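All values reported here derive from a predicted model rather than from experimental measurement. Throughout, a chain's letter reflects where its sequence line sits, starting with A, and its residues are numbered from 1.
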There are 2 protein chains.
Amino acid sequence: MNRHISDAKVFKALCDEHRLMILELLRSGEKCACVLLEELDIAQSTLSHHMKILCESGIIDSRNEGKWTYYFISEEGSQSAKSLLADLTSVKEIQPSRGVRTCP
Amino acid sequence: MNRHISDAKVFKALCDEHRLMILELLRSGEKCACVLLEELDIAQSTLSHHMKILCESGIIDSRNEGKWTYYFISEEGSQSAKSLLADLTSVKEIQPSRGVRTCP
DNA sequence: TGAACATATCGAATAAATTCGATATGAGGA
DNA sequence: TCCTCATATCGAATTTATTCGATATGTTCA
């Protein structure tokens, strides 16, 4: 079940402020790269790099329409991110009661 | 509401594999630093650095007992992380229907 | 086909994070 | 009080991420 070994990827996608801002922009519906570029004050190649990371994390998906690429929040991807976070922070059933010393 | 500006911090705490492993270890109950250290094959100063980041993110909390420090998953902190992720990936009510072109 | 535009990739510069050993701090017990 | 042990902090080395300009790819339209 070693999910945590490689699943830092999902959270890595979320730990950059530009990428969080992109996510925020996409909450109001899909946008093409050129619109995102106008809002973000970063170089086009930088935006492309961020979109690649977001897409590879699964949280964002894209579709092509002619020469444009539209990005949108993936329902499936964000659901699995939420499940992963819930798992990571959930305390297991069988555990020593708090306050029990595990040190000598 | 500009939460995303500074709230990369919570996710930054989750984007390192050692820190995810620490979280996994704490799922079975609080542990003192020396126990974590045995499991992780990293230097003591490195562990201390990771624990600081995790605690500052709010996801993990600590308590002192004598010379030991015990770390545990914070119910409150992980709840707010989950809320934040849910917000970030939730699509807003009013939005243009998908497929509407926002580019010329 | 060729010009114009949107996006992706490459390579290099800069910035940020991780890691370690050395050392400091602070608590407990002799 | 002094010694020992647990954890934190410091400073430097290394690794990883971000960023940009330049260029490549691929699409549309004349």
Side-chain angles (χ1 to χ4, degrees), chain A residues 4-23 25-26 30-57 59-72 99-104, chain B residues 4-23 25-26 30-57 59-72 99-104:
Chain A
H4 54 288
I5 298 301
S6 68
D7 284 345
K9 186 191 258 192
V10 187
F11 299 114
K12 278 198 175 121
L14 296 172
C15 74
D16 175 89
E17 299 190 349
H18 282 142
R19 292 196 287 270
L20 287 189
M21 207 166 301
I22 290 165
L23 215 42
L25 290 168
L26 295 183
E30 65 172 15
K31 306 236 172 348
C32 91
C34 59
V35 169
L36 295 173
L37 195 55
E38 281 173 4
E39 304 280 345
L40 285 170
D41 200 40
I42 56 178
Q44 180 269 323
S45 56
T46 302
L47 175 64
S48 186
H49 171 243
H50 285 312
M51 298 321 294
K52 186 176 186 179
I53 289 174
L54 282 165
C55 287
E56 286 179 347
S57 82
I59 287 192
I60 281 184
D61 203 352
S62 68
R63 67 183 181 88
N64 293 322
E65 188 173 316
K67 47 181 177 176
W68 292 283
T69 303
Y70 288 84
Y71 296 95
F72 53 94
V100 167
R101 289 176 45 164
T102 50
C103 282
Chain B
H4 54 289
I5 297 302
S6 68
D7 283 347
K9 186 192 261 193
V10 188
F11 298 114
K12 276 196 176 120
L14 296 173
C15 74
D16 174 272
E17 301 191 348
H18 281 141
R19 291 195 289 270
L20 287 190
M21 210 164 300
I22 289 164
L23 214 43
L25 289 169
L26 295 182
E30 68 171 12
K31 304 234 172 352
C32 91
C34 59
V35 169
L36 295 173
L37 194 55
E38 282 173 4
E39 304 281 344
L40 283 169
D41 200 38
I42 56 178
Q44 181 271 325
S45 57
T46 303
L47 176 64
S48 186
H49 171 244
H50 285 311
M51 298 320 293
K52 185 176 188 182
I53 289 174
L54 282 165
C55 287
E56 285 178 349
S57 82
I59 287 192
I60 281 183
D61 203 353
S62 69
R63 67 183 182 87
N64 292 321
E65 189 174 316
K67 49 182 176 176
W68 293 283
T69 304
Y70 288 85
Y71 297 97
F72 53 94
V100 167
R101 288 173 50 162
T102 50
C103 283

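Computed from coordinates, the A:F11 CZ to D:dT16 P distance equals 21 Å when rounded to whole Å. Per the geometry, CD belonging to B:E17 stands 11 Å off P belonging to D:dT16, to the nearest Å. Between B:W68 atom CH2 and D:dA8 atom P the separation is 15 Å, expressed in whole Å. Distance, A:E65 CD to D:dT28 P: 10 Å, rounded to whole Å. In this structure, A:E38 atom CD and C:dT7 atom P are separated by 11 Å, rounded to whole Å. Separating the CG atom of B:L14 from the C1' atom of C:dA17 is a distance of 15 Å, rounded to the nearest angstrom. In this entry the distance linking OH of B:Y71 with P of D:dT7 reads 7 Å, nearest Å. We find that OH of A:Y70 is positioned 13 Å from C1' of C:dT7, with the value rounded to whole Å.
Listed candidates were C:dA8, C:dT18, D:dT7. Nearest to the side chain of B:C34 is D:dT7. Comparing D:dT7, D:dC5, C:dT9 against the side chain of B:K67 picks out D:dC5 as the nearest.
A:D16 is not listed as a side-chain neighbour of A:I53, based on a closest heavy-atom distance of 4.5 Å or more.
Within 4.0 Å of B:I53, counting heavy atoms only, lie sugar-phosphate atoms of the nucleic acid but no base atom.
With respect to B:E17 and B:R19, no salt bridge is recorded, no charged nitrogen being found less than 4.0 Å from a carboxylate O. B:K31 has no carboxylate O lying under 4.0 Å from a charged side-chain N of B:E39, or vice versa, which leaves the two without a salt bridge.
In this structure, CG in A:L36 is found 8.5 Å from CD1 in A:I42, a value given to the nearest 0.5 Å. In this structure, CG in B:L26 is found 10.0 Å from CZ in B:F72, a value given to the nearest 0.5 Å.
The ring-ring contact (aromatic ring centres under 6.0 Å, His included) check on B:H18 picks up B:H50, with sequence neighbours excluded. Partners of A:D41 under the side chain to side chain donor-acceptor pair (under 3.5 Å) rule, at least two apart in sequence or in another chain, do not exist in this structure. The side chain to side chain donor-acceptor pair (under 3.5 Å) check on A:T69 picks up A:N64, with sequence neighbours excluded. Here A:Q44 pairs with A:L37, A:S48 under the side-chain contact (heavy atoms from CB on, under 4.5 Å) rule; sequence neighbours left out.
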Please list, for nucleotides 19-22 of chain D, all pairs of protein and nucleotide N/O atoms separated by less than 3.5 Å.
unit_1 : atom_1 : unit_2 : atom_2 : d
D:dT19 : OP1    : A:H18  : ND1    : 3.2
D:dT19 : OP2    : A:H18  : ND1    : 3.4
D:dT19 : OP2    : A:H50  : NE2    : 2.5
D:dC20 : OP2    : A:A43  : N      : 2.8
D:dC20 : OP2    : A:T46  : OG1    : 2.7
D:dG21 : N7     : A:S45  : OG     : 3.4
D:dG21 : O6     : A:S45  : OG     : 3.0

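Helix-axis bend for the helix from C:dT1-D:dA30 to C:dA30-D:dT1: the local axis fitted to the five terminal pairs at one end deviates from that at the other end by 20°, rounded to 10°.
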